[in-house]
Structures are given as structure tokens and as C-alpha cells.
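Lettering follows sequence order; numbering is per chain, from 1.
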There are 4 protein chains.
Amino acid sequence: MPRSPSPSRRKQPRQQRAQATCDAILTAAARLLVRDGYEATSTNRIAEEAGVSIGSLYQYYPNKEGLVLAVLEQHGSRWLTEFDAGLKELAQAPLSVAVPSIIHHILALKRLHPQLDSLRYALLPVLRPLGHVDTFEQQLFRLVRAFLAARLDEIRPRELDMAVFIIVHTLEALCHAAGVDRPDYLTNDAFPEELCVLVLGYLGPPPARLGHPPRKAAAPRRKYEQ
Amino acid sequence: MPRSPSPSRRKQPRQQRAQATCDAILTAAARLLVRDGYEATSTNRIAEEAGVSIGSLYQYYPNKEGLVLAVLEQHGSRWLTEFDAGLKELAQAPLSVAVPSIIHHILALKRLHPQLDSLRYALLPVLRPLGHVDTFEQQLFRLVRAFLAARLDEIRPRELDMAVFIIVHTLEALCHAAGVDRPDYLTNDAFPEELCVLVLGYLGPPPARLGHPPRKAAAPRRKYEQ
Amino acid sequence: MPRSPSPSRRKQPRQQRAQATCDAILTAAARLLVRDGYEATSTNRIAEEAGVSIGSLYQYYPNKEGLVLAVLEQHGSRWLTEFDAGLKELAQAPLSVAVPSIIHHILALKRLHPQLDSLRYALLPVLRPLGHVDTFEQQLFRLVRAFLAARLDEIRPRELDMAVFIIVHTLEALCHAAGVDRPDYLTNDAFPEELCVLVLGYLGPPPARLGHPPRKAAAPRRKYEQ
Amino acid sequence: MPRSPSPSRRKQPRQQRAQATCDAILTAAARLLVRDGYEATSTNRIAEEAGVSIGSLYQYYPNKEGLVLAVLEQHGSRWLTEFDAGLKELAQAPLSVAVPSIIHHILALKRLHPQLDSLRYALLPVLRPLGHVDTFEQQLFRLVRAFLAARLDEIRPRELDMAVFIIVHTLEALCHAAGVDRPDYLTNDAFPEELCVLVLGYLGPPPARLGHPPRKAAAPRRKYEQ
DNA sequence: CATGAATGAGCCTTCATTCAT
DNA sequence: AATGAATGAAGGCTCATTCAT
């Protein structure tokens, strides 16, 4: 049985030509999904846009959902890779430096593929039953959780899971909403600064321990509070 | 003028029987939309579920979009009414009292109609081109903006529009995400407290005025930071 | 059994108010039929346009076809009445005078109700199975046949039925086509003159009888041939 | 350019099997349109009659109008081709020979596809907004106009456009009406002779030029006037 | 008489998917 | 590997007509 259990792939391309076909389909699908949305994008139209027959499309992807999943997987893993790289560079930085940098990074990624990025967000309600986005979201959670776990002495929240939940969903929603409703916020200085205030204000200073006023952690906040 | 410009209504019911039909349709539509999503819900199925003929459905609602709009309008305006009433009661309260109360109120509304509430959120990308949700969102913005405008001396942000944007989208997204991914957060004490920290931390103390350290405004935060 | 066998009427209005309702329906139907055509005109829309409930419409007309038939009947009988009156006035006139006058009259009627007139023509293929238009057409045939029968010594054709068939269909088609494609022809002097040439040329001089060259009959043609 | 601008075709069949499908659809459509008329013919019924699935129908024709247009185009262009060929053969013939021959030809074509021929006529009001019939009619006008333009010295009318308008519409209407109301006229000797009288009488002798009585042109008329 | 709520068959069309070539 | 012809369930929606009020 040559069928892989993946819901997004049917057959691995063996020849170079086949790989090109796969890519063309993926690219066409991304373009149409971004332009028309999930329901308005038909597999026949994708094949046509890709310059490929509908039969070929179904040779590599088991069904429409699988194809869309593949699109999101590709974009999601690229996004996570870049995001992870950014986090790694900040492994040693204090929160007051890391958070602004991360936010800056996220907004930059948003500006890079504004629509593909929104696509994942818009497809959340459609594809949740398929279990893909969970993968992306879970990875993102894991990365952010690890990041915070390494800074337990710099932050206030003790329930890490909840803090990650709050931070991830907040930033995702605000970036998405900005892209949709206020594109000017994406190329604006004030917006990222406000996001930093929001996140740093939330992560806050760690609970004061006896005799150790958390002066260092609190200091950076002034930058945004003035 | 026999034609109403409303995109969500076609004809006003004149008889009591007709009103009952309208309501049955609306109720059935809400139930199916919540269960299956916009695209997977067919008007024929709605009519069947409502126990009326498809013709009756189209006598009162001009098309599928109009019907969905009517569902959201009904729920949205009820939600806004209740929210507005809650805000009015807090008109004189200081931020440190009002914000926790508001967040508590929002979560209570969420628990009341968890799915209908999510429906609006999930349909945002589908219905945006129809211009309804803007109405809801605009009203919400207006209410929150007025609330903050009356407390300019208690808060830090000077760009009110951006602050409203951030607070509204953040709370919406977190409540929605909680309802979907972590229902336990909705009936949990820690979650609302964290939301308060997030919002109050963001709104922060007002910019210090000459010689008047904003000690009083900062004080209430202890309640949530311990 | 109060139902009349007429396919276009269900019930005779007894009260004045009812007569007004009937007329409003007929008027609205005529307007919409002219504007949108038979298939695109719905009985519900007619009732709405007439300011009457759909139930009232079906109280006076048995179905859509019956209503349309009534519209055509009304217009057709008015048309025939006027046409007949015109013919009567020309009872004594020689062909060379009568034909131009008749053609002038037909074009005047056409200009009077250009669309209603076309409506009958356009509905021919739709309503033929209902047997109405035959009535109109038959009456028209009878009138024209009587007109020609009284002038057998002035005309060439011996098969009167065929001559009537040719003249009636020719003039109907040309007037209709002019109304649709070349409205300028309707208010033009050359067009009716050409129609006269066509008809008079066809009816032509009577077959020459021994020793009696048909000079007189031919003479009038000069008027139109110059 | 994968999208053809034609309103009557969607996709060209590449395989032989597909061509057979196309033809079956066209044939079935023609049969049902002739039998039931435009509005009473449904695309589902056509597909069923053609023995193909409704999906196949819409793979080759963009919509109902397009399909009907294709039917008419096919028949119309065949008709025009044959008519044109007939005209060419008569290029050198005098009017008195050409006109009877043309009328004979038209009636023969009418007898060949009596219903398809009527179909176009009946669909005129339905399809006019789609711009097809104009094409047919325009071509017919052009052919007839060229025919007359080559015989300016044999005919009376100086306004060629109006003469063409009159002749074309007259013959169309009479042939159609004969097919519908008097099929016996189509296989009758008297009818075509009367049509010749009508047309030749209208085209008439050319305006007399100084001292040249148009005896030759008038002579042939005797044939039909006796 | 008049109203208008209710009906439901049926229309046009789309689209994910299969399979013979 | 690739093609593209074929499928048919299903969707949104209309409209002539009936009947309880």
C-alpha cells in the first residue's frame, strides 16, 4: 500500500517533472485561496491556474482539504522556521529587548506574506476539524512556552500555559486585524510600541521576592510608558 | 416605497402566524450555522429544520446572506444592549473597578450564548463583504471609545483609536479562543484575572504630571498581581 | 356554478370597487408584460404593482395565462374597433385612396401603443396554444377579407384567403419590425409610401378583361412610384 | 487565453468522445426547443434527452442561453451558407428569373427544417438581448443588399436599406406564418407565385428614364399576373 | 370581498471526484 | 505520469397557486 497516512499527500513525486507539477499546484492553490477564499476556490480552477489537468491534481493530493492543508503546511512551516530562528537569536536577550524584537519580527513576517498569513487565520474555522492548524498552533505554543520558561525569573505569570495562550492569541489576533482593518498600523511605529507595552505590561515584573526589589525588570517599561 | 433597502429582510410579517414563522427560521438558522458553519448550512436544510417550506424562508429573507445577517443582527444587537447597560452602570467607577467588572460581564455573556457568540467571529471573513459585522464592530468601538474618553486622566495611551482597537480585538480574540480551545478558562478565576492584568497593564497609569506620582492609579493593580 | 367558461375571466366584478381592482390589475399586468416579457412577469409582482393582494388577482383571473389573455383581449378589441371604424369610413373609396389611408391608420395605432401592440406579436408563440390570438387574427382576417371582397373588380388576386393572409401578415410583420428595429420608420414619410407600393403592387390591377385595358386602376400607382 | 469570449461555447472538445457528447446535446436541445419553446425547456431535461449528465452539458456550454445560441448559430450558419450559394448561382440572372428562384429556394429550406427555422423566429424576442440573432439578420441583410445593389437599374426603390428591410421581413414573416398556420401553402404552387408578385411588384420597374419605357422589366410580370 | 401566509416542484448551475485513455 | 471527459448530488432561489383568516 503506497498510500501514506498523511491527509495532505497522496503520492510522493519521484521525477523532477512531477515535483514541478506539485509546486505549480501548490502555488496556484495559494494564489486562488488568498484571492477567493476556501469555498469559492474549486479544485478544477486550481488545476487550470496551475496549467495542469485535474487528474494530475488528484494524483498528488487526496482531496481539496488535503491540498489546502499542504498549502498551509508549507507556509506554516516556513513561518515557524523563520520565527524559531528569530527566537534563537534572542535566547540570551532580556525580555525588554527580546519582546520588541519579536514583535518587530512578527510584523515583518506579516508584511511579507500578508494574505497567506491571513489565510491560515481565516481557514481556522473551516479546517479545525482536520487537525492541521493544531499542529501549527501547537508548535507555536511550544516555542513560545520554551521562550518564557527560560525567563521565569523575569516574568510575573506563574501559569505558563495560560500566559502563552494569552500572548499568542493576542498577537495573532492583533496582527491579523491590523492587516485586515488597519493596514497603516503595520507600517507604523506607534503600533508595535503599543504591542510591546501590552505584552511587557502583562508579563510584568516577577513577583517581588523578599529583599529583592525587581528594579531591573521594571526599568524597561519606562521606555514605553512615557 | 415597498422595497426596503435592508439586505437582511424582504418583507415584514403582518400576521402573528408569520412572525412565528420568521422566528422559527431564525432559530433553526442559528442552530445549524453554529453546528455546521456557513457554507455547510443550506437554506433548504434550514427551512426543513424550521418546519416551514423553502418558499416561506425566501418570503422573509432575500437570500442566504440576508438570513445569516438577520441571525447575527439579532444576536449582535442583544449583546450590545446588554454590554451597553453594563457599561452605563460603571460610568462612575474607577478603571480598577470597571475593567474587572467589564471583563467579568463579557465572559458571562460568552458563557450565555457560547456558540452564537463564536458564530459572529467565525463569519467575519465570510460576511465582511456584506457590511454587517462592521456595524457591530463599529458600535462596539464607539462604546469602548466613549468609555475610555471619559477616563483620559486615568490612562496612558494618547491615541485613543489605537487603544480601542487593541483592547477590543484582544478581548474578542481571547474570549473566542477560550470558548473554542479552552472552555475551562471560561469558568475559571485565573483567566479573568489575567485578562485584567493584560488590559490594566496596557492602559497603564496616566503619564506622570509634574510632581504628582500616579500612585493611586497604580495601587489597584496589586489586587491582580499577587 | 358561477364560473364562466372563458379562459380569461373567473368571476365578474359586481361592485364598483371590484371593477377598479380588476382594472388596476389589468393595467399593472400590461405595464409589466411590456417591460419584462411574459416569462419574466410574475403574478405576485403584478399584484404588488397593482397595489392589490395576490389573492384578489386570482379571484378575478383563473391563472397567469388567463390574465395575459385578458390584457390582450382588451387591447385587441380596442384595436379592432378602431380599425373597423377606419375601414367603414373608407367603404366607398377606391383602393388607391383606401390603402394609403389604412396604412396610415395602422401606423398611427402602432405609434399610439407601440409596446402593447408588440406584446401581442411577441406573445404569439407563447399563447397560441390558448387560442386567444386566433380570435384577434380571425377577426382581422374577416374584416380585411370583407374589405377586399367588396373590391373584387379592382384587384388581381382571385384566391381571396391567400391574399388576405399575405397582406395581413406582411403589414403586421413590417409594422412590428419597424417598431423594434427602426423606430424612425414609424415617423417617416417614405416608409408608409413604400408599404403602399408593396400592397397596391400586390393587389395590382384586375385581370384585363377583353378590350378593357385596366388603365384607371394602374394610374394611381404613379403617386407612389415617383 | 484559456477563456473564449464566445457566449455560446465554454470549452472545445479535444477527444472524439467529447465531440459526440456536444453533438448529442445540440441535437437534443434543438428537438426540445422546437417542441416546448425556450422557457419550457430545461437544461436538465436537455441533458437527459441527450443521454448525458447535466455536468457534461455545462462543461461545453456556459449556460442555457449559450446552448440555445449554439443551436441557432449552427442552424443559422447552415441556412445562410445555402442561401448564399443559391444567390451566387443567380448572380447573372435578371430579376424576373432570380426572384422566383430565390423564393422557391427559401420555401425549400423552410420545408427542410420547418421547426428549426421557426425556432429562430420564435426566439427573436427572447434572445435579442443576447445579440445572436442580430448576427444572422445582419448577414441576411448584407446578402440581400448586395444582391439588390447589383441590380439598381432593374429596380424602382432608391432607398436600398428600406427596400431590404421590407423584403426580408416580409418574406420571413410570410414563410413563418405559412409554416405555422397554413402548411399547405408551403407545398402549393400558388403561394410562391403570389410571393413573386408581391416582391416583383414592390421592386417594380426602375424609374422611367427619358424616352426609355421600361418594357423589358415589366414583361416578366405577366407570367405571374395571368 | 380581500388579505397575505404558505407551499413545493422545479429551475439553473457548480464542483469535488473518478476513470478510461 | 498525465489527460480531460464524465458524473450527479446538491445548492440557492423563483413563482404560480391555494386557503385560512
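Put simply, B:Thr21 has no side-chain N or O that comes within less than 4.0 Å of OP1 or OP2 on E:dA5. Dashed line: the shortest gap from a side-chain N or O of D:Ser53 to OP1 or OP2 of F:dA6 is not under 4.0 Å. Contact check, B:Thr43 against F:dG11: no side-chain N or O comes under 4.0 Å of OP1 or OP2. For the OP1/OP2 pair of E:dT14 and a distance below 4.0 Å, the side-chain nitrogens and oxygens of D:Arg10 include at least one atom meeting the criterion.
Each of D:Gly51 and B:Glu39 was assigned the nucleotide of DNA chain F with the nearest heavy atom; the assignment lying further toward the 5' end belongs to D:Gly51. Of the residues near DNA chain E, A:Ala40 and D:Arg45, the one whose nearest nucleotide (by heavy atom distance) lies more toward the 5' end is D:Arg45. With the nearest nucleotide of DNA chain F identified for both A:Ser56 and B:Ser56, A:Ser56 has the one nearer the 5' end.
Straight-line distance from the CZ atom of B:Arg17 to the C1' atom of E:dG4: 8 Å, rounded to whole Å. Note: OH (C:Tyr58) to P (F:dA20) measures 18 Å, nearest angstrom. If you take CG of C:Asn63 and C1' of F:dT17, they are 9 Å apart, rounded to a whole angstrom. Rounded to an integer number of Å, the gap from C:Leu57 CG to F:dC19 P is 17 Å. Rounded to whole Å, atom P of E:dA2 lies 17 Å from atom CD of B:Gln15. C:Ile46 places its CD1 atom 15 Å from the C1' atom of F:dT14, with the value rounded to the nearest Å. The distance between atom CG of A:Leu32 and atom C1' of E:dC15, rounded to the nearest whole Å, is 14 Å. Rounded to a whole Å, the NZ atom of C:Lys64 is 15 Å from the P atom of F:dT18.
Remark: the A:Glu48 side chain and the A:Asn44 side chain contain no N/O donor-acceptor pair separated by less than 3.5 Å. A donor-acceptor pair shorter than 3.5 Å can be found between the side chains of B:Thr43 and B:Tyr58.
Between the side chain of C:Ser56 and the backbone N or O of C:Val52 there is no donor-acceptor pair closer than 3.5 Å. The closest donor-acceptor contact from the side chain of C:Lys64 to the backbone of C:Thr41 lies under 3.5 Å.
At least one side-chain heavy atom of B:Arg31 sits less than 4.5 Å from a side-chain heavy atom of B:Glu49. Contact annotation: the side chain of A:Leu57 never approaches that of A:Thr21 to less than 4.5 Å [non-hydrogen atoms, C-beta and beyond]. Side chains of B:Leu119 and B:Tyr38 form no contact here, defined as non-hydrogen atoms less than 4.5 Å apart. Residues C:Tyr61 and C:Ile25 form a side-chain contact, since some pair of their non-hydrogen atoms from C-beta on lies under 4.5 Å apart.
Note on C:Ser42: only backbone sugar-phosphate atoms sit closer than 4.0 angstrom, heavy atoms only; bases stay farther off. Among the atoms of the strands shown, only primed sugar atoms or phosphate atoms (P, OP1, OP2) are found under 4.0 Å from some heavy atom of D:Tyr60.
Closest approach to the D:Gln59 side chain among F:dA2, F:dA5, F:dT14 is made by F:dA5 (side chain taken as heavy atoms from C-beta onward). Listed nucleotides: E:dT7, E:dG4, F:dA5. Nearest to the side chain of C:Ile54: E:dG4.
Checked by distance alone, D:Asn44 brings no side-chain donor or acceptor within 3.5 Å of a matching partner on the base of E:dG10.
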- line: Applying the Watson-Crick and G-U criteria (both distances under 3.5 angstrom) with [ ] for crossing and | for other-strand pairs, one obtains for DNA chain E .||||||||||||||||||||
